[in-house]
Protein chains: 2
Amino acid sequence: MQPILTNRQKQIVEYLRMSQRETGVMPSTREIQHYFGFASQTAAMSHLRALERKGVIQRLPGKARAVVFPGDLDRGEIADIPIYGSIAAGMAQDAEPEREGSIALDITALGIRHNARTFALKVRGDSMIDAHICNGDTVILEFRQPRKGDIVAALIDGETTLKRYVVEKGKPFLRAENPDYPDLIPARELVIQGVLVALLRHAA
Amino acid sequence: MQPILTNRQKQIVEYLRMSQRETGVMPSTREIQHYFGFASQTAAMSHLRALERKGVIQRLPGKARAVVFPGDLDRGEIADIPIYGSIAAGMAQDAEPEREGSIALDITALGIRHNARTFALKVRGDSMIDAHICNGDTVILEFRQPRKGDIVAALIDGETTLKRYVVEKGKPFLRAENPDYPDLIPARELVIQGVLVALLRHAA
DNA sequence: CGGGGCGGTGTTCAAGCGAAAAGATTTTGC
DNA sequence: GCAAAATCTTTTCGCTTGAACACCGCCCCG
């Protein structure tokens, strides 16, 4: 059930949200006053009181700028997962190490540990299509040792690809989830860069 | 390039993060003082100054509790997308309207408009497997009119399913992306509850 | 061995800021 | 139509809080 807000109260909430997003801190009552052109700071106070009564915000009495949206509190920890370019899931190609933005999401909801080294890559190609990983998907990877059957980003013979990590007869190798692509047997080295923990697809 | 922090400075940062997550506001210098058992508030001050010098935090001079992590600022808007139970992508079943938690993520990164009515559903079944939507995936839907070829959650003849929205000869109907499942031709009503905008998969 | 960064203590000051008391006017909901 | 909200103004008070100054011991590094 949504609380009913007046127009003015919606404006106040919108200003609070904007201020929080742009400056990082909540406005003081006097900042609210000046923003809306009030002649007195008490006007802002009473609006905050009204919003608190309706449960839209919570305040910590006596503390400065202590306005919180309750929904923001029971949110888990939000982490910025950097996107390190794209990765070939088709033909083996070099993966660029440049950071190309990041995605922010609630990592506890995904079961990602806080101190895990996590990063994301855009998938290029369709060699993992039978694992339902498509061209253009963003995969979120965690740096750790892989288990059999994990999908991994691996540096095999100098190039990075996304493949399934398979062990047969004690020998690890990489398998594409697409019959058109061959298995990759490491000639010398098989360096695992990350294990897939989540996938994010963005409908066009 | 990561700035080098001393142990004490790491503790301070950790406390700032904890305070921000649990109380919703940044601690004042005196709160930092008491938490660490400092005899003077200046100790907290100098730590904050050091952290600012190293670029870990930013401060707004003269303002109370005005400590921000720069990374949190250039993040887009984070929204809590409620999860309304699960949805059948196989056999048609009722979708429960109960809210079962939510996921928080940066919606601008996904191209979701701010005032869009967005919600999420867990996928049950494999009738959309050829569209690479698996059992257990979480689909994020936006309430709007569907276009041809969109994947939609639809209420068809009293039950909710996830299917592709297809129009042929001017007549809309729903198609499963799995040859084992038949098309669904609406007998009376075809109510679209949401259009797929994103998908989140969580590796076990 | 001398300087600089780190990690503090003690004190003082002024601005920042929430809060309360006492109205006034308008809108809204039974 | 009346009471309860909503939306403000003026004024005053006092805790909260950032900030500055002076000073101390420690350890590392060249």
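Here is the naming used below: chain letters follow the sequence lines, and residue numbers restart at 1 for every chain.
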Every protein N/O within reach of nucleotides 19-22 of chain C N/O, cut-off under 3.5 Å:
unit_1, atom_1, unit_2, atom_2, d
C:dA19, OP1, A:G62, N, 2.9
C:dA19, OP2, A:R59, NH1, 3.3
C:dA19, OP2, A:R59, NH2, 3.3
C:dA19, N7, A:Q41, OE1, 3.3
C:dA19, N6, A:Q41, NE2, 2.9
C:dA20, N6, A:T42, OG1, 3.0

Apply side-chain hydrogen bond (donor to acceptor under 3.5 Å, both in side chains) to B:T23 and list each qualifying residue two or more places apart in sequence or on a separate chain.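 For B:T23, no residue satisfies side-chain hydrogen bond (donor to acceptor under 3.5 Å, both in side chains) once neighbours in sequence are set aside.
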Figure out the [atom1]/[atom2] separation between [X] and [N], and round it to whole Å.
X     : N      : atom1 : atom2 : value
B:F38 : C:dG7  : CZ    : P     : 9 Å
B:I12 : C:dG7  : CD1   : C1'   : 10 Å
B:L5  : C:dC6  : CG    : C1'   : 13 Å
B:Q11 : C:dG7  : CD    : P     : 9 Å
A:M26 : C:dC17 : CE    : C1'   : 16 Å
B:Q33 : C:dG8  : CD    : P     : 12 Å
A:N7  : C:dT26 : CG    : P     : 19 Å
A:I32 : C:dG16 : CD1   : P     : 16 Å

Residues two or more places apart in sequence or in another chain: which of them pass salt bridge (Lys or Arg N to Asp or Glu O under 4.0 Å) with [X]?
X      : result
A:E14  : none
B:E168 : B:R175
A:R59  : none

Check whether [X] reaches the backbone of [Y] with its side chain - one donor and one acceptor, N or O, closer than 3.5 Å.
X     : Y     : result
B:S19 : B:L16 : no
B:S40 : B:T42 : yes
B:K54 : B:I4  : yes

Categorize [X] for me: base, sugar-phosphate, or nothing, with a 4.0 angstrom heavy-atom threshold over every strand shown.
X     : result
B:A43 : base
B:A64 : sugar-phosphate
A:S28 : sugar-phosphate

Contact list (N/O, under 3.5 angstrom) for nucleotides 25-30 of chain D vs protein:
none

If you apply the rule side chain to side chain contact (heavy atoms under 4.5 Å, CB included), what do you find for B:H47 with B:F36, and how did you get there? CA-CA 12 Å; B:H47 275 123; B:F36 287 97; over 6 Å; no
Which residues pass the ring-ring contact (aromatic ring centres under 6.0 Å, His included) test with A:Y35, sequence neighbours left out?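 Applying ring-ring contact (aromatic ring centres under 6.0 Å, His included) to A:Y35 gives A:Y15.
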Heavy-atom pair of closest approach, residues [X] and [Y]:
X      : Y      : result
A:L196 : A:I133 : CD1-CD1, 4.0 Å
B:T29  : B:A44  : O-CB, 3.4 Å
B:S102 : B:D80  : OG-OD1, 4.0 Å
B:F69  : B:V13  : CE2-CG1, 3.9 Å

Could you pull out the protein-nucleic contacts involving nucleotides 4-6 of chain D (nitrogen or oxygen on both sides, under 3.5 Å)?
unit_1, atom_1, unit_2, atom_2, d
D:dA6, OP1, A:K54, NZ, 3.0
D:dA6, OP2, A:R53, NH1, 3.1
D:dA6, OP2, A:R53, NH2, 3.4

Checking side-chain polar atoms at under 3.5 Å, does B:D126 have a donor or acceptor matched by the opposite partner on B:Y181?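 Side chains of B:D126 and B:Y181: pair found under 3.5 Å.
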Residue-phosphate contact under 4.0 Å: A:T29 side-chain N/O, C:dG18 OP1/OP2: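 Indeed, a polar side-chain atom of A:T29 lies that close.
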Strictly below 4.0 Å: does A:S46 bring a side-chain N or O up to OP1 or OP2 of D:dT7?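 Indeed not, no polar side-chain atom of A:S46 lies that close.
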Could you label the plane-to-plane angle of the A:Y84 and A:F119 rings as parallel, tilted or perpendicular, counting under 30° as parallel and over 60° as perpendicular?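 Ring orientation of A:Y84 relative to A:F119: tilted.
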Would you work out how much the helix from C:dC1-D:dG30 to C:dC30-D:dG1 bends between its ends, with each end axis defined by five base pairs, to 10 degrees?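 Inter-axis angle at the termini of the helix from C:dC1-D:dG30 to C:dC30-D:dG1: 50°.
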Please, which pairs that meet salt bridge (charged side-chain N to carboxylate O under 4.0 Å, His left out) have at least one residue in residues 137-148 of chain A, sequence neighbours excluded?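 Residue pairs passing salt bridge (charged side-chain N to carboxylate O under 4.0 Å, His left out), neighbours aside: A:R113-A:E142, A:D137-A:R201, A:R144-A:D150.
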With sequence neighbours left out, which residue pairs that include part of residues 28-43 of chain B fulfil the salt bridge (charged side-chain N to carboxylate O under 4.0 Å, His left out) condition?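 Only A:K63-B:E31, B:E31-B:R65 qualify under salt bridge (charged side-chain N to carboxylate O under 4.0 Å, His left out).
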For nucleotides 27-30 of chain C, tabulate all protein N/O to nucleotide N/O atom pairs closer than 3.5 Å, reporting atom names and distance.
none

